[in-house]
Amino acid sequence: QVQLVVSGGGPVQPGGSLRLSCAASGSIVSIYTMGWYRQAPGKQRELVAAITSGGSTTYADFVKGRSTISRDNAKNTVYLQMNSLKFEDTDVYYCNARLGFSGNLMLGSWGQGTQVTVSS
């Protein structure tokens, strides 16, 4: 019915950059909010950044000024540009989307986690 395909994670040096992408596919009528979350071992999953269908954005304090979330509605894709990466940015990152389907049905979906590892 729906799938979120995530790419862009990987190893990076401190101060480097990564661009995560999350593409939604399936019988989607509309995409509402899309966002990125992270979860460290033994920790609660937490919001990194989110963007609404209207383009309004929200950022966690730990990424403000370093990351930018954007979306390409034509491609049903959300991006997270991560700059000036720090050791503490190392985590598994997840994509989330609130999707609309025919019949005014709305579902929340999670993509598979992608590993971001910041090391020297």
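As the structure is a computational prediction, the values presented were derived from the model and not from experiment.
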Please set out all donor-acceptor pairs under 3.5 angstrom arising from side-chain atoms of residues 93-107, sequence neighbours excluded.
{"from": "Y93", "atom 1": "OH", "to": "D89", "atom 2": "O", "distance (Å)": "2.7"}
{"from": "N96", "atom 1": "ND2", "to": "S109", "atom 2": "O", "distance (Å)": "3.2"}

| Which pairs, with at least one residue in residues 39-48 and sequence neighbours excluded, count as a salt bridge (charged side-chain N to carboxylate O under 4.0 Å, His left out)? | R38-E46
| said: According to salt bridge (charged side-chain N to carboxylate O under 4.0 Å, His left out), does anything in residues 53-62 pair up with another residue at least two apart or in another chain? List the pairs. | reply: D61-K64
Return all side-chain donor-acceptor pairs below 3.5 angstrom for residues 7-26, not counting sequence neighbours, or 'none' if the list is empty.
{"from": "S7", "atom 1": "OG", "to": "S21", "atom 2": "OG", "distance (Å)": "2.7"}
{"from": "S17", "atom 1": "OG", "to": "N83", "atom 2": "OD1", "distance (Å)": "2.8"}

| query | Is there a path of hydrophobic side-chain contacts, each under 4.5 Å between heavy atoms of I, L, V, M, F, W or Y residues, that connects L4 with L80? | reply | no
| request: Before giving the answer on side-chain contact (heavy atoms from CB on, under 4.5 Å), spell out for R71 and I51 the whole-Å C-alpha distance, their side-chain angles and the decisive distance to 0.1 Å. | output: CA-CA 8 Å; R71 61 191 291 168; I51 185 168; 3.9 Å; yes
| Heavy-atom pair of closest approach, residues K75 and T77 | O-OG1, 2.8 Å
| request: For the pair T90 (side chain) and E88 (backbone), establish whether a donor and an acceptor sit closer than 3.5 Å, ignoring hydrogens and angles. | output: no
| query | Is any side-chain heavy atom of I31 closer than 4.5 Å to a side-chain heavy atom of I28? | reply | yes
| Is T58 close to L47 at the side-chain level, that is, under 4.5 Å between some pair of heavy atoms? | yes
Please set out all donor-acceptor pairs under 3.5 angstrom arising from side-chain atoms of residues 111-120, sequence neighbours excluded.
{"from": "Q115", "atom 1": "NE2", "to": "D91", "atom 2": "O", "distance (Å)": "3.3"}
{"from": "Q115", "atom 1": "NE2", "to": "T117", "atom 2": "OG1", "distance (Å)": "3.3"}

| query | Which residue pairs pass the ring-ring contact (aromatic ring centres under 6.0 Å, His included) test with at least one member in residues 21-79, sequence neighbours excluded? | reply | Y37-W110
